[in-house]
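Before any comments, here is the structure.
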Amino acid sequence: MSDVTLCECFARDGLQHEETFIPTATKVALIDRFAAIGFQRVEATSYSNPKVVPQFGDASELLRALPRRDGVWYKATCANVRAVERAVADLDAGFGANEISLLVSASESHSMKNLRRSRADQWQNVADMVAASQGRFRMIGTVSVAWGCPFEGKVSADSVLEDVRRFARLGVMHVALGDTTGMAAPRTVKQLMSAVHAELPEVTTVAHFHDTRGTGLVNYVAALEAGCRYFDCAFGGVGGHPAKVKYGGGHTGNVSTEDLVNLFESMGVSTGIDLEGLMATAAMCEEALGRTLHSRVAQSGLNPLLGVAAHG
Ligand SMILES: CC(C)(COP(=O)([O-])OP(=O)([O-])OC[C@H]1O[C@@H](n2cnc3c(N)ncnc32)[C@H](O)[C@@H]1OP(=O)([O-])[O-])[C@@H](O)C(=O)NCCC(=O)NCCSC(=O)C[C@@](C)(O)CC(=O)[O-]
C-alpha cells in the first residue's frame, strides 16, 4: 500500500491542447502502460464536445479498446449532462470509465470561458450530471482556479469551501482543487486544504496543481503536509492550461510526474510507482509527442539516493 495516490493525467489534461491528434492506439498503449507501472488512477479521456476539443473525439473508441486492470480507476472528464450521458451509454455497452470528474470554476469569468455557463448555471448542471450518472461512477468534483483566477485575481477561500460543501451535499465525496494557472503558494495551499480537512473530513481532497510559475512541487509538499494524499500530475509536465492564448497567464504545464515521483520517494513517501518503469514510460511519452518534454528528472535521472538510507 502506497502513502499517496497519484493520478496520471497525460492522456487528458496533458493532451487537451495538443494540436496534433494523437492516434487512439497510441493513447491506449500509454494509458495501459501507466496502469502497468502502478498508477491506480489514470485520467483517460474527456467526453467534451468533440467539436470544441477534437483530441477527445475518440473517447468511446479509446475506452472500448482499453484493457481493464483490477484496482485501477480510469477517469473521464465531464463538463455537461451530455458528457455524462455518453459515459453512461458506454457503460451500458460494456466498457467505459469507472470514474468521472464534474467541473466547476471558482470564478465567474473562468466559468464563462471554460464552461460557457455562469457558476449558478454550472452548479445546476452539476446537480443534473449527478442525477444522470445514476450512481454508477466514482465522482470527482473539480474546482478550477481555486487559488486565484487569471481574470479576476483573488478567489475567496470561503467560496471554494462552500463549493466543496456543495459537492459533498450532492454525494460527491472526492473533490479536486485546481490551481489552474499557478497562483497558489505553500501558505495558501495549507490554509485552504487544512480548512477543508478540518470541516469536511469525510471528503477526500485531490490536489491538482499546475507548474505555470514553478511552484508546482512546493505546493504539492504543502498539500501533503496539510493531509492531502491524492495528487494529479502528467508525464513531461505536458498540458495544463492554454494560458497564453485563451485564458490569460504565461507558461502552461502540469507538474511533471517524473519529478513528483522522484520528490515524494526522496522524502520517503511511497508512491507505488515502479521507478524503472517510470523512466521508460517518460521516454514513451516523449516519443508519442515527438519532442523533449519538461521534466528535470527525465533529463537528469532519478535521485541516486533512492532506495539507499540517506544518512547511512
Ligand atoms: C462547454 C461545453 C460543455 C458547453 O456545451 P453546450 O452548452 O452544450 O454548448 P456547445 O455549443 O458546445 O454545444 C453545441 C452542440 O454540441 C453538442 N455537445 C455539447 N456538449 C457535448 C458533449 N459533451 N459531447 C458531445 N456533444 C456535445 C450539443 O449537443 C450541440 O449539438 P448540436 O445540437 O449543435 O448538434 C462544451 O462546449 C464543451 O464540452 N466544451 C469543452 C469543455 C472543456 O473540455 N473544457 C476544458 C476542461 S479542463 C478544466 O476545466 C480544468 C481542469 C479540470 O483541468 C482543472 C484545472 O486545470 O484546474
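Read the numbers this way: they start at 1 and go in the same order the structure lists the ligands and their atoms.
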Are any of the N/O atoms in Gln16 less than 3.5 Å from those in ligand 1?
-> no
Do the charged groups of Glu225 and Lys190 touch, with an N to O distance under 4.0 Å?
-> yes
Classify the side-chain pair Glu152/Ser109 by whether it contains a donor and acceptor separated by less than 3.5 Å.
-> yes
Per-atom contacts, ligand 1 versus Thr142 - under 4.0 Å to a heavy atom | 53 (C), 55 (C)
Identify, by atom number and element, the atoms of ligand 1 in contact range of Tyr47, meaning under 4.0 Å from any of its heavy atoms.
-> 22 (C), 23 (N), 24 (N)
Taking only non-hydrogen atoms of Leu103 and a 4.0 Å limit, the atoms of ligand 1 in range are 47 (C), 50 (O), 53 (C)
Subset of ligand 1 atoms that lie under 4.0 Å from at least one heavy atom of Ser144 | 50 (O), 51 (C), 52 (C), 55 (C), 56 (C), 58 (O)
Ranking Asn114, Thr181, Asn125 by closest non-hydrogen atom to atom 42 (C) of ligand 1, top hit is Asn114
Atom indices of ligand 1, in the order listed, that fall short of 4.0 Å to a heavy atom of Ala79 = 3 (C)
Can you get from Leu66 to Trp73 by hopping between Ile, Leu, Val, Met, Phe, Trp and Tyr side chains that sit under 4.5 Å apart?
-> no
Will you find, in the side chains of Asn80 and Tyr47, an N or O donor that is under 3.5 Å from an N or O acceptor?
-> no
Tell me which donor-acceptor pairs under 3.5 Å the side chains of residues 92-106 have, and how far apart each pair is, sequence neighbours excluded?
{"from": "Asp92", "atom 1": "OD1", "to": "Arg136", "atom 2": "NH1", "distance (Å)": "2.8"}
{"from": "Asp92", "atom 1": "OD1", "to": "Arg136", "atom 2": "NH2", "distance (Å)": "2.9"}
{"from": "Asn98", "atom 1": "OD1", "to": "Tyr74", "atom 2": "N", "distance (Å)": "2.6"}
{"from": "Asn98", "atom 1": "ND2", "to": "Val72", "atom 2": "O", "distance (Å)": "3.1"}
{"from": "Glu99", "atom 1": "OE1", "to": "Arg41", "atom 2": "NE", "distance (Å)": "3.3"}
{"from": "Glu99", "atom 1": "OE1", "to": "Arg138", "atom 2": "NE", "distance (Å)": "2.9"}
{"from": "Glu99", "atom 1": "OE1", "to": "Arg138", "atom 2": "NH2", "distance (Å)": "2.8"}
{"from": "Glu99", "atom 1": "OE2", "to": "Arg41", "atom 2": "NE", "distance (Å)": "3.2"}
{"from": "Glu99", "atom 1": "OE2", "to": "Arg41", "atom 2": "NH2", "distance (Å)": "2.7"}
{"from": "Ser101", "atom 1": "OG", "to": "Thr77", "atom 2": "OG1", "distance (Å)": "3.4"}
{"from": "Ser105", "atom 1": "OG", "to": "His110", "atom 2": "ND1", "distance (Å)": "2.6"}

Go through the side-chain N and O atoms of Thr45 and Arg12 and say whether any donor and acceptor fall under 3.5 Å apart.
-> no
Which of these, Arg117, His208, Arg116, has its nearest heavy atom closest to atom 7 (O) of ligand 1?
-> Arg117
In terms of its nearest heavy atom to atom 12 (O) of ligand 1, the top option of Asn49, Ile140, Asn80 is Asn49
Hey, are Arg165 and Glu199 close enough for a salt bridge, meaning a charged N less than 4.0 Å from a carboxylate O?
-> yes
Salt bridge (charged side-chain N to carboxylate O under 4.0 Å, His left out) pairs, two or more places apart, involving residues 65-81 | Asp32-Arg69, Glu43-Lys75
Enumerate the atoms of ligand 1 whose separation from the nearest heavy atom of His210 is less than 4.0 angstrom.
-> 57 (O)
For Glu108 and Ser118, test the side chains for any donor-to-acceptor distance below 3.5 angstrom and give the result as yes or no.
-> no
Roughly how far, to the nearest 0.5 Å, is the SG atom of Cys233 from the CG atom of Asp211?
-> 12.0 Å
Kindly identify the option in Thr180, Val104, Asp13 whose heavy atom sits closest to atom 58 (O) of ligand 1.
-> Thr180
Residue portion contacting ligand 1 (non-hydrogen atoms closer than 4.0 Å) for Pro50 | side chain
Which atoms of ligand 1 sit under 4.0 Å from any heavy atom of Leu115?
-> 1 (C)
Under 4.0 Å from any heavy atom of Ala83, which atoms of ligand 1 are there?
-> 23 (N)
Have a look at Arg12, Gln122, Arg86, Glu43 and point out the one with the heavy atom closest to atom 24 (N) of ligand 1.
-> Arg86
